[in-house]
Amino acid sequence: MNQAQVEFVLRIADDSLILGHRLSEWCGHGPILEEDIAMTNIALDLIGQATSLLNHAAALQGEGKTGDDLAFLRFDRDYRNLLLVEQPNGDFGMTMMRQFLFDAYRTILFERLQASSDEMIAAIAEKSLKETKYHLKHSSEWVIRLGDGTEESHARIQESLNTLWRYTNELFYTDAVDEEMHRSGILPDLSDLREQWEDTVNRVFQEATLSIPTNNWKQEGGRKGMHSEHLGYILAEMQYMQRAYPNMEW
Amino acid sequence: MKEVNITEMERKFQEKIDQDIKIEPKDWMPDDYRETLIRQISQHAHSEIVGMLPEGNWITRAPNLRRKAVLLAKVQDEAGHGLYLYSAAETLGADREETIDDLHSGKAKYSSIFNYPTLTWADMGAIGWLVDGAAIMNQVPICRCSYGPYARAMVRVCKEESFHQRQGFEIMMTLAKGTPEQKAMAQDALNRFWWPALMMFGPSDGESKHTAQSMKWKIKRSTNDELRQQFVDVTVPQAEMIGLTLPDADLKFNKATGHYEFGEINWAEFWEVVKGNGPCNKDRIDTRRKAKEEGLWVREAATAFAQKRAARKSA
């Protein structure tokens with residue numbers, strides 16, 4: 001088993017799973033029916049990505065576990081998602097801002113991962129990229145619409161940006177895991193990730209008439225299993241059935 | 001003179017119906033026909049939307065990734081059905097916003113079944129199997145409804161409902177052959193949802209005030225009691241097949257008629273829930289109202305943005 005490779009796949013998988021969970025909390029509560037459908041659809045894409053990636057991580061581990069075991073029986077300190085994706089939904093603008101900041105990063109990541117030497121990762125990236133491009137189109141349109149909509153919507157979405165900005169530095173977090181992945185060709189070159197991401201973000205914020213916070217207060221830790229207090233509650237809910245009724249088929 | 005014309009138009013209208021010619025949005029139709037359809041279609045749309053809530057309640061707690069994805073897809077289908085149905089109602093001149101306001105004020109009804117709580121995972125099985133099963137019984141005949149847009153919407157809805165029914169039955173089957181705890185969970189869900197599912201067909205024929213006219217207009221193709229009987233006949237053997245017991249001591253097969261006879265429905269409970277006194281009526285409406293109120297700023301922003309863009313384009 002390649003420990004770094006498992007770790008690397010879990011990071012991408014957990015981002016999809018936790019953000020998918022957050023979006024699914026909106027189901028039935030959206031501001032308009034069309035957005036209820038869109039958010040559920042995006043949640044479904046993310047849960048699908050998480051399933052493929054977790055199954056792959058379980059296979060790489062070779063311990064006889066399944067993707068479900070990794071989703072439902074790992075504790076929060078073993079979860080590897082970004083802090084950004086576990087942040088609460090807030091209002092619709094907060095959810096769209098969180099989604100946009102993430103989608104802008106995810107699109108670049110999946111584009112590159114199509115060339116991964118791990119064929120399974122490359123295949124998942126190729127399929128997921130199609131979905132993620134649509135998610136980015138959807139979230140950036142909403143950021144622009146809310147930013148350049150009414151005075152109230154502008155103030156609200158600017159506030160969401162101010163709140164979430166501190167979690168964006170973690171998108172570019174790298175450590176020994178990434179270095180090893182680069183060396184083995186599993187993770188293609190991403191040295192321009194931040195630059196590419198900033199291009200998208202700046203372009204959209206300009207059109208949305210939003211300003212990037214000057215506060216450079218940065219939060220990270222998710223990639224190492226140091227999460228915010230929110231993740232524990234997400235897992236308590238998500239894992240309830242498997243914890244309460246262990247070892248059963250559903 | 002005018003009266004004669006209307007009588008003549010009504011006669012021609014009924015002739016079309018009798019010949020199974022579909023009525024389309026721009027065709028002349030009696031006011032009562034239009035109103036009956038608006039009431040029925042918007043009630044149906046509201047049921048889809050309110051129906052997202054009891055199942056949405058378990059998405060974040062689904063026991064594995066496959067079940068989570070299937071449940072998400074199912075609830076998304078329901079939102080989609082709501083959308084087609086609101087659109088079908090719009091072809092009759094019903095404004096979507098006003099229709100939704102009628103739901104929130106309590107003026108418009110929706111299927112009573114969604115006023116019962118979903119307490120365990122097995123309820124996802126019971127709802128798919130029984131509630132979607134009953135919905136299919138109700139809706140398949142509407143695919144032949146005289147009003148074109150409603151009939152066509154229903155063809156697509158029914159295809160998806162039959163998938164929903166199968167996934168629900170599969171959940172129940174898995175639980176029924178699982179551990180004793182799982183089987184008990186499935187039995188408990190069946191006990192709670194069986195009678196409300198039978199109530200989904202509405203009051204018995206003698207009590208149903210709309211049936212006769214709706215049948216004449218071919219909006220409705222079978223009576224409530226006929227559909228209810230059909231549902232019982234199909235569902236009882238399914239329950240037996242997976243080893244669950246229906247909560248009805250009077251249930252028995254009548255060899256002479258070829259139908260199951262079943263006990264008396266608690267109509268007092270039915271009317272209480274219809275009146276708004278079911279366990280979740282208040283929660284469901286409050287939730288929908290809250291979603292609308294909290295989304296107001298978003299809708300206003302979208303409108304303002306569209307106006308700004310249009311103004312910039314024409315400038």
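Because the structure is a prediction, the values reported are computed rather than measured. Throughout, a chain's letter reflects where its sequence line sits, starting with A, and its residues are numbered from 1. Side chains are part of it too, since the values below use all heavy atoms of this structure and drop only hydrogens, waters and symmetry mates.
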Checklist entry - Would you say A:Ser153 and B:Glu300 make side-chain contact, with heavy atoms under 4.5 Å? => result no
Item to check | Neighbour count >12 (heavy atoms, 6.0 Å) for atom CE, A:Met248 | outcome: yes
Checklist entry - With side chains defined as the heavy atoms from C-beta onward, is the minimum distance between B:Arg66 and A:Trp250 less than 4.5 Å? => result no
Next on the checklist: Counting only non-hydrogen atoms closer than 4.5 Å, does B:Ile49 touch chain A with its backbone (N, CA, C, O), its side chain (CB onward), both, or neither?
Outcome noted: side chain
Next on the checklist: Applying side-chain hydrogen bond (donor to acceptor under 3.5 Å, both in side chains) as the test, list every pair that has at least one member in residues 99-108 of chain B; sequence neighbours left out.
Outcome noted: B:Asp101-B:Lys292
Item to check | Expected output: side-chain A:Arg156 to main-chain B:Trp297 donor-acceptor under 3.5 Å | outcome: no
Item to check | Minimum-distance pair of heavy atoms, taken over all atoms of B:Leu53 and A:Gly28 | outcome: CD2-O, 3.7 Å
Item to check | B:Met185 and A:Tyr245: CA distance, side-chain angles, deciding distance, side chain to side chain contact (heavy atoms under 4.5 Å, CB included) verdict | outcome: CA-CA 12 Å; B:Met185 196 190 276; A:Tyr245 304 94; 3.4 Å; yes
Checklist entry - When heavy-atom pairs shorter than 4.5 Å are enumerated against chain A, which of B:Lys68, B:Gln76, B:Met52 gives the highest number? => result B:Gln76
Item to check | Enclosure of B:Lys282 NZ (heavy-atom neighbours >12, cutoff 6.0 Å) | outcome: no
Checklist entry - How far apart are the closest heavy atoms of A:Asp148 and B:Phe305, and which atoms are they? => result O-CD1, 3.6 Å
Checklist entry - Highest number of heavy-atom pairs under 4.5 Å with chain A: which of B:Glu294, B:Glu55, B:Glu181? => result B:Glu181
Item to check | Toward chain B: residues of residues 32-49 of chain A with heavy atoms under 4.5 Å | outcome: A:Ile32, A:Leu33, A:Glu34, A:Asp36, A:Ile37, A:Thr40, A:Asn41, A:Ala43, A:Leu44, A:Ile47
Next on the checklist: For the interface with chain B, which of A:Glu237, A:Met238, A:His29 has the highest count of heavy-atom pairs at distances below 4.5 Å?
Outcome noted: A:Glu237
Next on the checklist: Heavy-atom cut-off 4.5 Å, strictly under: side chain, backbone, both or neither for B:Leu175 against chain A?
Outcome noted: side chain
Checklist entry - Just how far is it from atom SG of A:Cys27 to atom CG of B:Leu71, taken to the nearest 0.5 Å? => result 8.0 Å
Checklist entry - Can you name the closest pair of heavy atoms from A:Trp142 and B:Val298 and give their distance? => result CZ3-CG1, 3.5 Å
Checklist entry - Among A:Ile144, A:Ile157, A:Leu17, which residue forms the greatest number of heavy-atom pairs with chain B at distances under 4.5 Å? => result A:Ile144
Checklist entry - Quick check: does any side chain N or O of B:Arg299 sit under 3.5 Å from a backbone N or O of A:Pro31, one acting as donor and the other as acceptor? => result yes
Checklist entry - In terms of heavy-atom proximity below 4.5 Å to chain A, should B:Ala306 be classed as side chain, backbone, both, or neither? => result neither
Checklist entry - What closest approach, in Å, do A:Gly30 and B:Ala291 show between heavy atoms, and which atom pair accounts for it? => result O-CB, 3.9 Å
Item to check | Exceeds 12 heavy-atom contacts within 6.0 angstrom, atom NZ of A:Lys127 | outcome: no
Checklist entry - Looking only at atom types and distance, does a side-chain atom of B:Gln182 sit under 3.5 Å from a main-chain N or O of A:Glu249, one as donor and one as acceptor? => result yes
Item to check | Proximal component of B:Arg61, with respect to chain A [non-hydrogen, under 4.5 Å] | outcome: both
Checklist entry - Any idea which of B:Thr174, B:Ile171, B:Asn57 has the most non-hydrogen atom pairs under 4.5 angstrom with chain A? => result B:Thr174
Checklist entry - Which region of A:Phe72, side chain (C-beta onward) or backbone (N, CA, C, O), has a non-hydrogen atom less than 4.5 Å from a non-hydrogen atom of chain B, or is it both or neither? => result side chain
Checklist entry - How long is the gap from OG1 on A:Thr66 to CG on B:Leu65, to the nearest 0.5 Å? => result 8.5 Å
Next on the checklist: Please report the interatomic distance CE(A:Met241) to CZ(B:Arg67), rounded to the nearest 0.5 Å.
Outcome noted: 11.0 Å
Item to check | Check: A:Gln242 side chain, B:Pro63 main-chain N or O, donor-acceptor pair, under 3.5 Å | outcome: yes
Item to check | Heavy-atom closest contact (A:Ser24 atom, B:Thr60 atom, distance) | outcome: OG-CG2, 3.7 Å
